[in-house]
Amino acid sequence: MDKITRSVLRSPADVRGFADFDGPLYYAPTGFIDHADDPNTLPLAGSRRGFSALEIIRRRDGGGAESMILPLLALEGWVQNSGRVDEINNVLDRLMTKRADFAGLDMASCHVMGIVNVTPDSFSDGGDYNTTEQAIARGRELAALGASILDVGGESTRPGADEVTEAEEIERVVPVIRALADYGHVVSIDTRHANVMEAAIEAGATIINDVTGLEGDDRSLEVAARLGAPVMLMHMQGEPGTMQADPQYDCAALDVYDYLLDRIESCERAGIARDKICIDPGIGFGKTLSHNLELLSRLALFHGLGCPILLGTSRKSFIGKIDPKAEPKQRLGGSIASAVNGWRHGAQMIRVHDVQETVQAISVASSTALV
Ligand code: 7PJ
């Protein structure tokens, strides 16, 4: 069992069981209400969304975890019994505080990041020049459709993808980044390689997006710190080629949380301030369907890390596991449903292929929510 299960509370003693527990507890905001000014809610990361309860989670010996939902109105008494006054105050502070602007973007709202692949295998035909031109045109189109960030990548992390040298990766992404940055767009570089990070930032990218959480290259931490660019740290278990073979967790959501906390602390030690870090649970990277669903349903847990959250679910295979008929390009419905769920959990950035549809879905969801 690697999941969180809700405890059935039958008596005050069951509630006290959580209060008396002396191991680590995790706190996921829940019970979302769309008015931050509702008197029974606290604002989620300084946004218009409020949370009205905390899911209090503890690991179980032998794997998995159990949880109890505590309405904020009942928190005061519980805190006194648990002796965790400072801990809860710190957690609430991190959950409520508005995040600093990230790469100049206001983190009180939800931004769409458009995917710009510069991997020739993604295009059906054309040589390098063609690919560069197509990627620039695609980036400009996605920005016009409402993407706040353009995520440029030159190496596919799909299992079985062609190997690319760093020199090739640089050759692919630099002209695209330079053109898109010159047009004034906010550009992130999706890479695991420090040399590519340096070349991309020099060409005008302002964000480093690394699926290895700056662990994939010995120089990445130091290079990212020296460049001073905001970073996106994603969780991945294993290596792209083999990560889906047999992923294992004690408890997927809590293990990913601990990993990201550890990476944030490593970044801070290397000189990257917490307000320049965004975190991403890495949907589909070394995770079964059940792990992915656990992360998506507990996404708000990650606000406890005090950083903006980025979510990438677009066209991913977990959607194909729920709807086996759907090829990647037929996964728009699932991509949008999971993006809106991410928005509902207060994710500040959503990484997608289908920018226009996702921007529309989030606009409609937020305008019908804030009645
Ligand atoms: C992600 C990514 C993601 C972040 C890719 C794909 C695979 N970077 N790069 N998060 N996915 N931060 O788009 O299917 O989920 S490449």
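Indexing begins at 1, ligand by ligand and atom by atom, following the structure's order. These figures come from a predicted structure and were not determined experimentally. Along the sequence shown, residues carry numbers from 1.
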(request) Please identify each residue that fulfils salt bridge (charged side-chain N to carboxylate O under 4.0 Å, His left out) with Arg84, with sequence neighbours left out. (result) Glu87
(request) For the residue pair Lys287 and His235, establish whether any side-chain heavy-atom pair is separated by less than 4.5 Å. (result) yes
(request) Using heavy atoms and a cut-off under 4.0 Å, could you grab the residues that are in contact with ligand 1, chain by chain, numbers ascending? (result) Thr157, Asp190, Asn209, Val211, Met234, Asp280, Phe285, Leu310, Gly312, Lys316, Arg351
(request) Is it possible for you to check whether Arg344 lies under 6.0 Å from the centre of the six-membered ring of Phe32, through NZ or CZ, and within 45° of that ring's axis? (result) no
(request) For Thr212, enumerate each residue passing the side chain to side chain donor-acceptor pair (under 3.5 Å) test, keeping only those at least two apart in sequence or located in another chain. (result) Asp210
(request) With sequence neighbours excluded, give me every ring pair (Phe, Tyr, Trp, His ring centres under 6.0 Å) pair touching residues 62-88. (result) none
(request) Would you mind reporting whether Asp106 and Lys98 have side-chain heavy atoms less than 4.5 Å apart? (result) yes
